[in-house]
Amino acid sequence: MTKAAGDATPTGAASRPPSRPTLVAADDAERGFPRSLLAGATLDAAGSLLGARLVRAPDRVGRIVEVEAYIGAADGASHARMGPTPRNQVMFGPPGIAYVYLVYGMHHCLNVVTEPASHPAAILIRAIEPEQGVEMMRAALARSRTRGRADPRGDGPVARRRAIPTSRLAAGPGLVCAALDIDRTFDGLDLCDARSPLHLELRPDGDPAPEILATPRVGVGYAPEPWASMPWRLLVVDSPSVSGRSRRGV
DNA sequence: GCAAAGATTTGCT
DNA sequence: GCAAATCTTTGCC
């Protein structure tokens, strides 16, 4: 009876990894995001992703403004440092595939697998600037926030909250997934295929190349040096949507 | 089979 | 500015 109709959250599927969609389809680079941009060096690919669009079909779109690069098995901060496991196996596959995992037991994180198969690298999407489907993002965010929470005061958990500025709806890796309804069922999805419910689109022609700033990655203090200090968090300098609370993006 | 830590976010002091 | 919430995955006995 775990199949409740309303909330489709597969809480009971703990003992079994979620079924994955078909891995790499034919080469749809012509219509989707060019896989070749993700097959090369991860840091170059990360630069290509800034300014690109993340599309959640049918109508949610955001401009990618912050990413982090995890360059391979030797990277002491990467999940790939432990070798292939049930969780990270898609990192060891071909580029352009989504790697989605759960962190701290509650937040999902979306990565784009890079470099050829057998080289386990990926790029974490840390923040997007909402462009379309803002109301749907807002609703999804509210839903994820109140999920499973009691109502201790009785006046509604959301009642006292102030409205979140649109620019901050997806200003963090967990928020990106919450706003776009991304969970582990998206693990293994082809992000280069324009038919995927979640996919990438190139930066529009009229869009100028963003000014990029590099800083150390966030939350990787457990990693040995030099990995913990490598400036592999890339962000768009003038974007109001980069992660961080009251701090500015530096 | 059990224990520890985590690529985060939020709310309160 | 600090600590809690929450549960999966990994590492070790």
Side-chain angles (χ1 to χ4, degrees), chain A residues 9-18 42-43 46 49 64 66-92 98-114 120-128 137-138 140-153 155-165 168-180 182-185 187 214-224 227-235 241-247:
Chain A
T9 307
T11 314
S15 60
R16 183 182 303 183
T42 298
L43 288 172
L49 284 182
I64 299 173
E66 180 179 343
V67 298
E68 269 179 9
Y70 292 85
I71 64 159
D75 182 346
S78 173
H79 286 174
R81 69 189 185 278
M82 305 165 250
T85 69
R87 177 173 69 163
N88 68 14
Q89 60 170 309
V90 302
M91 288 183 77
F92 291 77
Y99 168 44
V100 182
Y101 66 90
L102 186 64
V103 70
Y104 296 117
M106 58 185 84
H107 299 297
H108 292 282
C109 291
L110 169 68
N111 296 253
V112 181
V113 174
T114 58
I123 295 167
L124 171 67
I125 307 296
R126 288 192 56 88
I128 64 172
M137 294 186 194
R138 237 178 246 290
L141 209 53
R143 201 161 52 235
S144 75
R145 245 202 213 99
T146 57
R147 189 176 59 158
R149 294 240 167 145
D151 191 357
R153 300 242 163 89
D155 55 353
V158 197
R160 296 163 57 236
R161 295 190 57 78
R162 286 185 300 180
I164 304 170
R168 287 201 202 163
L169 285 178
L175 296 174
V176 169
C177 288
L180 299 183
I182 298 168
D183 59 26
R184 278 178 308 166
T185 63
D187 193 46
T215 80
R217 294 173 290 185
V218 175
V220 296
Y222 58 87
W227 308 112
S229 300
M230 295 307 261
W232 290 341
R233 171 189 179 227
L234 306 182
L235 53 93
S241 300
V242 296
S243 69
R245 283 178 77 77
S246 48
R247 285 176 146 182

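Every chain is numbered from 1, with letters handed out A, B, ... down the list of sequences.
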inquiry  = Would you compute the distance between atom CD of A:Glu66 and atom CZ of A:Arg233 and round it to the nearest 0.5 angstrom?
reply    = 4.0 Å
inquiry  = Any heavy-atom pair between the side chains of A:His108 and A:Val100 that's under 4.5 Å?
reply    = yes
message = So, does A:His79 get its side chain near the phosphate of C:dT9, meaning an N or O under 4.0 Å from OP1 or OP2?
response = no
ask   = C:dT10, B:dA7, B:dT9: which one has an atom nearest the side-chain heavy atoms of A:Pro86?
value = C:dT10
query = Please give, in whole Å, the distance from B:dT10 C1' to A:Met106 CE?
reply = 10 Å
query = Is A:Arg126 salt-bridged to A:Glu68, going by a charged N under 4.0 Å from an acidic O?
reply = yes
ask   = Do the side-chain N or O atoms of A:Arg126 get closer than 4.0 angstrom to the phosphate oxygens (OP1, OP2) of B:dT8?
value = yes
request  = Would you tell me if any nitrogen or oxygen in the side chain of A:Thr85 comes within less than 4.0 Å of OP1 or OP2 on C:dT9?
outcome  = no
request  = Indicate the atoms forming the closest heavy-atom contact of A:Ala140 with A:Ala178, along with that distance.
outcome  = CB-O, 3.3 Å
ask   = To the nearest angstrom, how far is A:Asn88 atom CG from B:dG6 atom P?
value = 17 Å
task = May I have the distance from A:Glu68 (atom CD) to B:dA7 (atom P), rounded to whole angstrom?
result = 10 Å
inquiry  = Distance check needed: C:dC12 C1' versus A:Met82 CE, whole Å only.
reply    = 15 Å
task = For A:Tyr101, enumerate each residue passing the ring pair (Phe, Tyr, Trp, His ring centres under 6.0 Å) test, keeping only those at least two apart in sequence or located in another chain.
result = A:His79, A:Tyr99
message = Any base atoms under 4.0 Å from A:Leu102, or only sugar-phosphate, or nothing? Heavy atoms, all strands.
response = sugar-phosphate
inquiry  = Under 3.5 Å, is there any donor-acceptor pair linking the side chain of A:Tyr222 to the base of B:dA5?
reply    = no
query = Any side-chain N or O of A:Tyr104 under 4.0 Å from OP1/OP2 of B:dT9?
reply = no
ask   = Between B:dT10, B:dT8, B:dA7, which nucleotide has the shortest distance from any of its atoms to the side chain of A:Leu175?
value = B:dT10
Heavy-atom closest contact (A:Val103 atom, A:Cys109 atom, distance) = CG1-SG, 3.9 Å
key: Which atom of A:Ala98 lies closest to which atom of A:Val90, heavy atoms considered   = O-CG2, 3.8 Å
query = Do A:Val220 and A:Tyr70 have side chains that get closer than 4.5 Å, going by heavy atoms?
reply = yes
request  = Starting from C1' on C:dT6, measure out to CZ on A:Arg184 and report it in whole angstrom.
outcome  = 13 Å
ask   = How would DNA chain C look in dot-bracket form, 5' to 3', counting Watson-Crick and G-U wobble pairs with both distances under 3.5 Å and writing | for bases paired to another strand?
value = |||||.||||||.
query = Base, sugar-phosphate, or nothing for A:Ala223, non-hydrogen atoms under 4.0 angstrom?
reply = nothing
ask   = Separation of A:Asp183 atom CG from C:dC7 atom P, in whole Å?
value = 15 Å
ask   = Whole-Å distance between B:dT8 P and A:Glu66 CD?
value = 10 Å
B:dG6 phosphate, OP1 or OP2, under 4.0 Å from A:Arg87 side-chain N/O = no
ask   = Expressed in angstrom and rounded to an integer, what is the separation of A:His108 atom NE2 from C:dT9 atom C1'?
value = 14 Å
